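See below for the structure under consideration.
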Amino acid sequence: MSNVTVCARFRPLSSKEKRDHGENICIRSLDSETFVLKDEKEEEFTFSFDRVFYEGSEQADVYKFLAFPIVQDACNAINGTIITYGQTGAGKTYSMEGTSILDCHEQNKGLLPRVVDGLFHCLESADNTTKYTVNLSMVEIYMEKIRDLLDLSKDNLQIKEGKVKGIFLSGATEVSISDRTEALRHLSSGIANRAVGETQMNMASSRSHCAYIFTVQQEEKNERRVKMGKLILVDLAGSEKAERSGAEGRVLEEAKTINKSLSALGNVINALTNGSPGKTNHIPYRDSKLTRILQDALVSPH
Ligand SMILES: Nc1ncnc2c1ncn2[C@@H]1O[C@H](COP(=O)(O)OP(=O)(O)OP(=O)(O)O)[C@@H](O)[C@H]1O
């Protein structure tokens with residue numbers, strides 16, 4: 001069975017938003033799990049989540065509630081996925097990377113550098129009968145094509161499935177990371193490559209999905225047994241509706257592809273969470289590259 005946690009996060013209003021619309025906001029907090037939204041017609045709607053992070057929330061709070069348990073699972077060979085979803089400008093990248101991946105101010109650090117800290121903390125506190133190896137791949141999905149962010153020459157990676165490895169990206173660059181500094185250096189160069197690609201393809205990063213794939217391999221020295229935990233973080237493309245943005249031409253095609261893959265993700269998560277216990281219902285992983293990559297990280301095979 002799948003175990004899905006869904007949180008909502010509000011960011012503070014930008015100075016432009018304050019200038020254009022004043023400081024009034026249409027959200028009223030009820031508690032840490034529920035808020036009320038008032039629409040333009042003054043009608044109220046109540047929404048509940050596993051946790052709501054209001055605008056004063058700290059990056060550390062989000063990590064502690066949402067990501068920490070998944071990081072611990074990865075160190076115990078249980079797969080996990082963390083996804084940021086929302087419209088362009090909603091704060092997905094801020095939550096994921098922080099103000100910048102290399103900014104080490106405790107307050108600003110996003111989920112990615114905290115996940116790296118968490119992984120190495122787990123590994124350093126493990127007993128010495130287990131040897132751990134952490135690998136990282138970084139890819140971007142744009143118009144259903146997968147590009148290697150650690151080697152831009154690989155711009156059409158294929159998804160394969162193996163008995164031992166599970167789902168994997170054939171030929172994708174996988175770097176072994178032995179400490180936090182090395183991990184941040186690779187993440188930073190992948191993020192910089194994303195920007196290079198944007199210019200080459202004349203595309204905004206908000207129009208592609210970005211996946212950070214960590215694999216934690218555990219080797220029990222005495223048993224010669226190898227276990228693997230996969231942790232994927234995904235910064236999704238903006239979820240705005242194409243019809244509303246009045247897009248046409250290539251921009252419309254981009255928007256349609258994004259909407260299709262976001263619906264595919266929604267369908268997979270629905271199928272995973274609404275399935276009856278004990279019954280194996282069909283999960284439509286193959287409907288998009290995004291869901292196929294996430295297939296075994298959404299449900300741990302262990
Ligand atoms: N919780 C927050 N606290 C303070 N500033 C925030 C917060 N969340 C987002 N911001 C700021 O809001 C702006 C938009 O955020 P961000 O770039 O993360 O959005 P996004 O959803 O990733 O957009 P895109 O889809 O374009 O990548 C940025 O300037 C970011 O620094």
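For ligands, and for the atoms within them, numbers begin at 1 and follow the listed sequence. Note that the structure is predicted; figures quoted are calculated from it, not measured.
At under 3.5 Å, a nitrogen or oxygen of K92, whether backbone or side chain, sits near a nitrogen or oxygen of ligand 1. Any N or O atom pair closer than 3.5 Å counts here, and T93 shares at least one such pair with ligand 1.
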Exercise. How far apart are the C-alpha atoms of E140 and R207, what are their side-chain angles, what is the distance that settles it, and do they pass the salt bridge (charged side-chain N to carboxylate O under 4.0 Å, His left out) test?
Worked result: CA-CA 10 Å; E140 180 174 52; R207 314 312 295 146; over 6 Å; no
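Just one of E144, K145, H209 meets the side-chain contact (heavy atoms from CB on, under 4.5 Å) condition when paired with K289; it is E144.
Here the heavy atom of the protein found nearest to atom 12 (O) of ligand 1 is R11 CD, 3.6 Å. For atom 24 (P) of ligand 1, the nearest non-hydrogen atom of the protein is S206 CB, 3.5 Å. With respect to atom 19 (O) of ligand 1, the closest heavy atom belonging to the protein is G91 N, 3.0 Å.
Ligand 1 is never approached by E97 to a heavy-atom distance shorter than 4.0 Å. Residue contact annotation: G89 has a non-hydrogen atom under 4.0 Å from ligand 1. Ligand 1 has R9 within reach: a non-hydrogen atom of the residue lies less than 4.0 Å from it.
Put simply, the side chain of T215 does not reach to within 4.5 Å of the side chain of T133, judged on heavy atoms. The shortest distance between side-chain heavy atoms of Q107 and Q59 does not fall below 4.5 Å. When side chains are defined from C-beta on, Y63 counts as touching V115, because their heavy atoms get closer than 4.5 Å. The shortest distance between side-chain heavy atoms of P284 and V268 falls below 4.5 Å.
Judged by the 6.0 Å distance and 45° axis criteria, R51 is positioned over the aromatic ring of F65.
Inside a 4.0 Å radius of atom 29 (O) of ligand 1 there is not any protein heavy atom. Checking atom 14 (C) of ligand 1 against the protein gives a heavy-atom contact under 4.0 Å.
When the options F10, Y94, Y54 are ranked by their closest heavy atom to atom 2 (C) of ligand 1, first place goes to Y94. For the residues L236, T84, T88, N108, the heavy atom positioned nearest atom 26 (O) of ligand 1 is part of T88.
T173 and D148 are linked by a side-chain donor-acceptor pair at a separation below 3.5 angstrom, with hydrogens and angles left out of the test. A donor atom on one side chain and an acceptor atom on the other are not found under 3.5 Å apart for Y132 and E124.
Heavy atoms of P12 found under 4.0 angstrom from ligand 1 belong exclusively to the side chain.
Counting atoms of ligand 1 from 1 in the listed order, those under 4.0 Å from a heavy atom of Q87 are 21 (O).
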